[in-house]
Structures are given as structure tokens and as C-alpha cells.
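Reviewing the structure listed below.
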Amino acid sequence: MAQFSAEKLNKVNEIIARYPAGKQKSALIPVLHLAQEEFGGWLSAETMDYVASLLKIEPIEVYEVATFYSMYNLKPVGKYVFEVCQTGPCMLNGSDDIIEYIKDKLGIKVGETTADGLFTLKTVECLGACGYAPMMQLGKHYREHLTKEKIDAIIEECERNAVTNN
Amino acid sequence: MSTIYIDNKQYEVKAGKNLLEACLGLGIDLPYFCWHPALGSVGACRQCAVKVFKDENDTHGRLVMSCMESIRDGLHLSVSDKTAKAFRSQVIEWLMTNHPHDCPVCDEGGSCHLQDMTVMTGHDYRRYHYKKRTYTNQYLGPFIHHEMNRCIQCYRCVRYYHEYAGGKDLNVFAAHNHVYFGRERDGILESPFSGNLVEVCPTGVFTDKTLREHYTRKWDLTTAPSVCNHCSVGCNTIAGERYGQLRCITNRYNSQVNGYFLCDRGRFGYEFVNSANRITQPLIRNRTVEAVDEAVLMDHLRALLTNHTLIGIGSPRASMESNIALMQLVGKENFYQGISDNAVFVEKRIVEVMQSGVIKTASLHDIQQSDAIVILGEDLWNTAPVMALAVRQGVMKTAAHQALQNRAIAEWHDAAVKELVQQEKGFLANCTVSSSPLDEISSSVMHKAPEDLARLGFAIAQRLNMVLPVVQLNDDMSTPAAVIAAALQKAKRPVIISGAGYYNEALIRAAFDIAAACKATAEEVHLAYVMPECNSMGLAMMQASGFENAVLRTSRVNNVTAIVLENDLYRNVPAQIADVFFNNCQHCIVLDSLHNATTQHADVLIPAASFAEADGTLVNYEGRAQRFYQVFVPANKNMQESWKWLMKMQPVQTGSAVERSYHPEEVLAMGEQLLPRLSGITAVAPPRNFRVNGQPLPRAPHRYSGRTAMLSNLTVSEPKPKQDYDSPFTFTMEGYSGMPPSPLIPFFWSPGWNSNQAVNKYQEEPGGSLKNEHAGKLLFEYKQDATPVYFKDIPEAFMVRHEKWLLLPQYEVFGSEELSAYSKGISELSPSPYAALSQLDADPLSLVNGSLITVKIFEQVYELPVRINAAIPKGVMLMPAGLAGMPVMAWNSWVQIISIRL
């Protein structure tokens, strides 16, 4: 089973140390983020059980939290996850068209991953960047004022990066 | 009291409650889901909205959730306000968008809170025409059926299971429109209180799987008030029948005993009534035709009952009526308790202590209200589960009271209280032999042999009252003793709990001493002793000697006819003692409901009615006599109450020609004559000729269907309804349709309230006592000015013996109790036999979990898999009590391991 490296384990302990003794469950959300980052961008049952053992809580307590937040992926995702905002302001500025365009271009539906394992499309609620609508989150960055051309460029950029990184 | 105005009408209500409670308490219909009187308010479902006005001139008002708003003096509110009504109907419309249209095939239909509330708000037409969300259901074990599609996300299930009952394996997952309540994966629910989900869930997500096997709608059941017979707590239940088969058990609220909840043994253990193992026919053994009818039986009994010395063996699981009838028949001096002398010795001490009246007995209500609890040498979780649940509430409530001090937050404000309390707990010391789920909520946990626990008890008492003799304890015990004593000294309402579970009399004395010593500092002290079976206390109060004395008697007299009443002696005494008894007796008459090892020895076997077919009285651990009523008349006329059979034997024995039938209260009156200690027991319930407006009370609701047709396969004309001469009930829907007095509630129903939540209408206030509550008859009287006489003889400390182990019972919620073990689900959850040992004892022998050890007990050899439990004290071996194939009453003997297979 996949485990954190010594360095990441230190990070986990650092997070746990932020909370009073005996309240290590409070570290659950940041540790899950770390685990998701570390173990392929999603949380398998195995990963969640591992996190439970690190925090000395029951696995069911991890599932309860992990299933609640849409930021945690409970199924494998592509290398690049397009999280397109579909809340009011983005929608008024054409997020529907953007989503349709991505679906057509990648040949996937919302929530699906391309066969090559590169792209996943998710729709999300407001990310607090309404002034830059329509927008999406890609990894740790916002991509703003989206147009079809921008989407083409982003996809191309990702494909390029994927090749160079391999 | 506060004055409030509801729709401009003035009411006086209790301060400190919320508006929803106030409205319901006044009998005003207001729909709700997430609020539950035992769980408090969280304001999640938004269903109970009302309008609150600033003052009488305010016409605009504002919408509030009535469950989240405190009563204020002079408050104006409106339930019937147009906006409030519109809001409530909108909320239910949202809740119903995803709810399936499956009421006709849903087990909850007809006793569904969601149905009732939907009708109450007037939502009748679905405007939502999209696809409903669907879920995959889980397998949750033999008791609970799961159907998530029906969920309306009220969160009651997790709040009950997780927070109230302390279960860990049911939780809520996901968010928004796809919230899921269940386990992390398929599997049996771990909590022995899971059955309450059936009643806590307002709709059909969690339903009774045992009822599903022989399903009947609530309105088609014939029901009667009953009392659980699977432990000594005596929870009040409602038992339901159709087509001559017992179909389900539901909770019957009683503010002093079980409140809203039952344990799974009590709720699902009923199926033994329908068991294929029932005795159905009187048998005279060793004849060409053994099965006989009543006339032949009585004729045969004449010879056995006359010119013979009669010996009666009573039973801790038979009613008072049956035990009294037996005593009356055989004579007081010939009546023996059908339990071993060891058990009699311990139980006699308990009765003495209770009889002295120095300390009040603790009802479950008292336990819930206590602020410090000490459990001394009783495995409560397994011997009296609902009492363990009450202990949990006591611990939680104390923490809440402490956290709420000087804070303007109401106790019913559940979410806020939980937030404040965090992990704080009230004081609980759980001092037992082995680990228990109660340990995790205990401030002080101790696992020792019973002698050491008794010494601990005496040491605590000594620290509270310096006059008592000093007990020398090791450090590992003297510190906890000081901690427990200090906590008790601060407590205003401490409760001490012990019991007969380990057959150790010193524990009984030690528990009394602690309680007596607490009297100096506390406002109120309560004491409870758990007894082994449902009527153990009643039998113990009859003051007869134990079974070994009966055996002695039979060895001296040679023309004995023994009458064994509802008692499998092979469960209560070692087999060789029972064998001697049956060899000594010339004749043996056995009355029982199920075939067992004892009935095999009967020369004459008489079928006894089970609790569902009988009227009777049980005395619970507090000495509270409670009446249970016959639910139905079995088609098989041979199944009669034991006391009826025994009363019929009386004229046969005396040769009198006068035959008459007796009623339960007459038999109880005989008991009062025979045993002054039982005086007052006839007041247990209203007399059989009790009527309301001249009418008897119906067992069936007015909607009972199929009455004229249900037997049409046998006869086309409707047979005459069965008559009941022993109680104020009829077996049909005829009779008084209003609210009966509290011990005579056969079902909870009120117009518009078809589910068990109708109990609100039967209470003085939500969660309070029933209207005109008569919570049984307490037979022990508290004597204000009785001075405690302390027990001062302290047992020697437990000494580990070389290569020998002190054998003690490990009780199991499922499996240790005799009758429930015949129910399918219960037997499925019973463990297989094992021997449990301390890690310290296992290591030198290189034993691991599952290693097989052979031990010899009473000349019988047992090969058992080992279970290692670090909590068990060194030198002690535990074996599951009451399981088939396990040693009987060998407790407190020393066993040797003969061989080991690793």
C-alpha cells in the first residue's frame, strides 16, 4: 500500500501539531488534501483508511468527511482537472458554452476522464472570481475570461507539458 | 410558568421549553421531523415553522422554527398564520421531491410520521416531475432493513445511533442532494440498540426486518401492553399479533422505566413465541398414546397429586401469578426457587438490602438524572442493556449541565450543547471484571476479580465515612478508590449499581456501603442491583430456599411428585444436580412453553402460554411490579397460562368438586396472603372489571380490517370474538376509543398521528410522564429515617492460584438469555463458545487468539478456542454464560487447563 514519504510524514505531524493533544481529528481536512496530492489526485478507500490510521480515528470518520466535500475526488481523475465554475455570474458570461465546448473537444461528459488519462472535466460552484467570469480552476491556478480559443490553448499547453514531463 | 398566546388564545406553559414542545404539550398539531423529545432540537428540517410577533399590535410577525425558539413570558405566536402554513407546506413539498411513491409496499405505511406530517400540512400534489435520486441499499444485519430512497435527510438516525446510543458504525456521507445514511460498507449494525432506528426514523428507511418476515400493517395488529421478559429491567413494550402469530414488539413509553428506547434483545427476541420448538400438547410419557386432552390429563394428575409429597420448583422467568399458584398448590414449605443456592444467597441479600429501605432504588429515570454513577461488579451492557443506555444518558446529561452553568442556552438546544460539551463527560466509574463499551465513557475504569472489586467498594465507602474499617489496597486500586470517593463526595444525586451477575455477595454489601456512606453528603442517593432474569426479583421476594435444598428433600422422601414451573433446571444448576433430582422424584410434572433439557425428564408435560398468550405480573430489579396482558388467544387451547393450569390442579388435589376459574388479581391476592412481603402487589394494575364509561378497552384499532373474512377459509360465518375475563380488554376493536389509563395502553394512536410518535398525545408534556401515569407498583418502600447498618466484613483480596483459573461468566447481549436465543436473528448474532483469558496468562502458555484449550469442569471436558483480552485480570477465565454447550453454574470454581492445541 502506498504510504507517505518521511518528508510528507513530517508535514502530516506538523499539521497534527497545530491542534490540541487528543484532537488530532481536526487535522483531517489538510491531511486529506495532502494525501490526494500525493496519491494520484484522488482518494481511494485504501488511502482514506491509511489517513484514518495516521490520525488514529475510525475509517468511517474519514469517509464521512471525504464524501462531503466536492474538492475530494473519490474516483481516479486525469492528470489535468478542469473545474469549471457554473454559478450565476459565470453562467451569464457563457460558462454553459465553455462546458459544452470542452465536452465536444475532449469527447467526455461532466465527471468523466479522457481515455488517455490526461483530462477530467468537473463543474463546480462559485470560486470567488466572478469579476473574471467565465473561469475555471486548473490545478492550483485560476484560468479566467475563458473563450473557446483560450480553451484550445490550455489543452494544447497541457498536452505539451504532459509530453515534456514524461 | 410562563404565559404565551397562540393564535390569540392565552396558555400557561412551563418555562425553559421551546415553542414546539409547548405546542405539542398543549395538544396543538404542529409538524416536525428532526426534533425528538429524547434528542432535542437542531433546527434542521425547517418543518415546524410558526410566526412570532413582537407584541399584540404586531401584525406582520416573523417566521421562526418553533423547535429553536425559547418560551418567553407574554410571547405571541401563530401556528395557523397563512405565511407559516405556506412555508410548512413548501418545506414538505421539497422533502417529498425525492421520496418514492411506494407507500403501498412500504413497511412504514400506516405508522409513518412522514405520511402523517404530509397530510397535516396539506401537501397532496407533486409538482416535481424530474427523475428522483436513487441509492444502493445496504445489508445491515438480521434486524434492520435499509431503504435509502425514502430518506428525507432529517438526521435523526445518526443523532440517535451515534450521539445518543454511542454506536460508531452508522454515519452520514456526502452532501447536498445525495446525502447517505448508512455504514461504511454492508455489515451487521454493531450497536445492540439498533432496533430503535425503526422508531426514530420518521419514514421507511430503517424498518423492522423480523416484522417483514410476517408483515402486518399497524392497523391490522391486535396489540396489548406487555413487559419485556428478556432481562430484569422490565421495559414496557407493545406486542402485536395477527393470524395467531406474534408479529412485532414496539416500545411502550414509561417515563420511569424505558422511556423511548428498547434494546435489540427486547425488540427482536419475541420470535421464540412462534418457534417450532413450542410445546403444543399435554403429554403423559411412557404410554402408547402420549398426547392427551385436558380431561384425561387431569384424571391422570389425580393420582400424582394425591398421596404424594408435592415439591414445587419455581421460576425466575415465570410470572408472579404462576409462582404464587404453584406455592399455593404445593404449600409454602414445599416451594423452592428453581435456581442454585449460590444465586439464592446473593439474591436474598439484595432483597434484604432493598427491604431495609435505607436507600432508594434507582429507576432508569433516576439513573439518567444522576450526576455520578459507580458500577461495581456488573457487566451492565450485557445483563441489562437499556440500563447501560440510561447510564450513558446520565453521563452525557451531567456533562451538559456542567457546560450550561451560567450560560443562557437551553438544554434542548442540542447542537449548541454538543458544541459546548465537546468530549466532556459526567462522572462514571465502571468497575467490572472485563472490558465493556461503557469503558470509553467512563472517567474511572477498573478490571479486577469480584473479590477485589468488593474490596474497592468497601474502600470507597471507608473514604466517605471514616468510621468504617480501613481496607488495605495496592496502589493500583487505592488511587482510583480515592478518585471515585472524591467524585461521590461532590455528587448531589449519585447512583450505585451492582448486581447478581458474578454471584458474589460481597459486591452487594460493598455497593450498599458506598450508597449508605453517600447519604451524608448527597441530596439523594439511589441504588440498583441487576438481577439475572425478568422475574428474579419477584421470585427472590418469595423467600424460598434454593434448588439444592429441594434435591436434599427428594433424597429423604421417596414418594415425591415434583412440579417444575417454566424452568430449564439444566441452565440454572449443574447437570449432575438436576440429574439427581429427576432420579429421586417418583413423578415429575413440567409446565413450559418450549422443549428443553428439563422437559425431556417430564413424566407429564403441560404446554404453558408464553408472555404473549398470558396475563401476568413481573417484578423488575427495582421491585417494581408491572402487569403484562395477553395479546391473543392461541388457536391451540392447550396453551394456557401456567397459573391457570396450577389453579385447575388444586381441586384435583384436594378432591373438591368445586371447579372455578381464577383471575390474575385473585392469584396475586393469594400471594399477599401467603407472603406479607408482597403486600400491595394487587395494586399493580386496574382490576379486570375496570371500564371507561362502562366500556372495556379494545386491543385492535378501529381500522382493523378483514375481521369477517380472515377465517373464511375455515368457516364462512364470522366466529364469535374471544372473550377476556381476566382483563379490561376486548380482543376486537369494540370498546372505549379514547385514551386509556397508562398501564392499559395497547397502542399509541391519535387522530392524524398514526405512527408511534402519537405518544406525544399520551404525555403530560413531550418527554414527560404519561397522563395519569401509573408506572407499576413499587414493592420496596423507602424509609426516610432508617439508619444504615453497614456491612463490615471485608473479603480477602483475590489470590492468583498456580495454573488454576477462577471461572466467571461473560454475559452476551445476544445468546445469554434463554428465550430470546430461540429467535432467529438473536441466535444468528450469538457468539460461538470460547474461553477468554488475560494476556498475562496467555503469554507463558504461548496461547494466541484461536488456540484451543481443554478444560475440565464438573467432570465434563470442554475444548474451546481462546480469546485474549488484555482487560481481564490475571488468574481469571471467562466463558460465555447461557450458551448451549457451555458449563452451567460452575462460576467461581477453579479450573485447570488440561491440554493445549496451538
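So you know, we letter chains A, B, ... as the sequences are listed, proteins then strands, and number each from 1.
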Under 3.5 Å, which donor-acceptor pairs link side chains of residues 9-23 of chain A to any protein atom two or more places apart or in another chain?
{"residue": "A/Asn13", "atom": "ND2", "partner": "A/Leu9", "partner atom": "O", "Å": "3.3"}
{"residue": "A/Lys23", "atom": "NZ", "partner": "B/Gln423", "partner atom": "OE1", "Å": "3.0"}

Show which side-chain atoms of residues 123-134 of chain A pair as donor or acceptor with protein atoms under 3.5 Å away, not counting sequence neighbours.
{"residue": "A/Glu125", "atom": "OE1", "partner": "A/Thr87", "partner atom": "OG1", "Å": "3.0"}
{"residue": "A/Glu125", "atom": "OE2", "partner": "A/Gln86", "partner atom": "NE2", "Å": "3.2"}

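Between chain B and the options A/Glu64, A/Glu61, A/Glu58, the largest number of non-hydrogen pairs under 4.5 Å is found for A/Glu64.
At most 12 heavy atoms of other shown residues, nucleotides or ligands fall within 6.0 angstrom of atom NZ in B/Lys168. Within a 6.0 Å radius of NZ in A/Lys150, other residues, nucleotides and ligands contribute more than 12 heavy atoms. For CD of A/Glu156, the number of neighbouring non-hydrogen atoms (other residues, nucleotides, ligands) closer than 6.0 Å is 12 at most. A 6.0 Å sphere centred on CD of A/Glu144 holds more than 12 heavy atoms belonging to other residues, nucleotides or ligands.
Of all heavy-atom pairs spanning B/Asn171 and A/Ile60, the tightest one is CB-CD1, 3.7 Å.
Near-neighbour residues of residues 67-76 of chain A relative to chain B, defined by a heavy atom under 4.5 Å from a heavy atom of that chain, comprise A/Thr67, A/Phe68. Of residues 132-152 of chain B, not one residue has a non-hydrogen atom less than 4.5 Å from any non-hydrogen atom of chain A.
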